[in-house]
Amino acid sequence: GAGVSQSPSNKVTEKGKDVELRCDPISGHTALYWYRQRLGQGLEFLIYFQGNSAPDKSGLPSDRFSAERTGESVSTLTIQRTQQEDSAVYLCASSQGVRAAEQFFGPGTRLTVL
Amino acid sequence: GDSVTQMEGPVTLSEEAFLTINCTYTATGYPSLFWYVQYPGEGLQLLLKATKADDKGSNKGFEATYRKETTSFHLEKGSVQVSDSAVYFCAPWRRGTSYGKLTFGQGTILTVHP
């Protein structure tokens with residue numbers, strides 16, 4: 001596609017439920033990143049994927065968070081047993097490679113945990 | 001690890017006023033430096049960048065100079081417009097297989113009134 005797309009754009013869930021967020025990167029981009037943006041705060045890095053290399057999971061805040069990527073295409077971020085502090089906008093970005101400086105961001109998924 | 005300190009907002013200006021948003025960073029080595037902008041309802045997009053000391057990045061009337069001696073990358077614009085209202089993020093970036101992720105500042109909200 002022309003840009004990075006994410007779905008859903010908004011998600012409201014109850015505490016304790018699992019959620020799955022999806023990211024479709026720009027075609028041909030080998031690197032894919034997930035960030036979290038809490039209200040009034042900056043972006044926190046969560047995880048990135050680069051080709052077939054092991055992902056860098058160093059930013060995942062707990063073992064309730066996980067992410068998968070199939071080849072060089074779609075990625076899903078899963079949050080299990082959601083908590084209120086998980087409420088945030090989750091942003092996905094892609095780049096031509098981890099050595100490519102510019103990251104292209106999707107519009108984000110706004111997650112609200114009640 | 002890398003870190004960024006940005007000028008706290010929100011910043012409110014009248015149209016045609018001069019803008020400065022301060023950004024200082026700590027990072028090992030010589031990172032590239034970026035400013036990203038997030039317009040209301042949109043994803044982040046790269047505004048400008050500088051890859052080495054004394055480089056000046058510029059775009060849409062905005063400028064920032066990479067100052068290695070003061071580890072700063074302040075964003076400036078001589079005459080802001082209402083359409084510049086957005087959130088601005090400073091981010092250092094280091095090339096390398098382990099450092100592909102961006103480290104973002106907390107963001108500065110800019111509101112420009114007619």
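Lettering follows sequence order; numbering is per chain, from 1.
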(Q) For Q38(B), which atoms come within 4.5 Å of any heavy atom of chain A: side chain, backbone, both, or neither? (A) side chain
**Q.** Closest approach of Q103(A) to Y36(B) (non-hydrogen atoms, all atoms of both residues)
**A.** N-OH, 3.1 Å
Q | Side chain / backbone / both / neither for Q6(A) at chain B, heavy atoms under 4.5 Å | A | neither
Q | Atom CG of L114(A) with >12 non-hydrogen neighbours under 6.0 angstrom | A | yes
Q) Would F65(A) end up clustered with F45(A) when hydrophobic side chains under 4.5 Å apart are linked, directly or stepwise? A) no
**Q.** Engaged part of S9(A) at the chain B interface, taking heavy atoms whose separation is under 4.5 Å
**A.** neither
Q. Do you reckon I26(A) sits in the same ILVMFWY cluster as F49(A), going by side-chain contacts under 4.5 Å, direct or chained?
A. no
Q: Check each atom of F104(A) against the heavy atoms of chain B and say whether the ones under 4.5 Å are side chain, backbone, both or neither.
A: neither
Q) Which heavy atom in L44(B) sits nearest to a heavy atom in F105(A), and how many Å separate them? A) O-CB, 3.4 Å
Q: Measure distances from L91(A) to the heavy atoms of chain B and classify the residue's part below 4.5 Å as side chain, backbone, both or neither.
A: side chain
Q: Report the distance from atom CD of E102(A) to atom CD of Q45(B), rounding to the nearest 0.5 Å.
A: 9.5 Å
Q | Joint hydrophobic cluster, L13(B) plus V37(B), side-chain heavy atoms closer than 4.5 Å | A | yes
(Q) Check this for me: E68(A), atom CD, are more than 12 non-hydrogen atoms of other residues, nucleotides or ligands nearer than 6.0 Å? (A) no
(Q) Quick check on the hydrophobic clustering: are V89(A) and Y33(A) connected, directly or via other members, by side-chain heavy-atom contacts under 4.5 Å? (A) yes
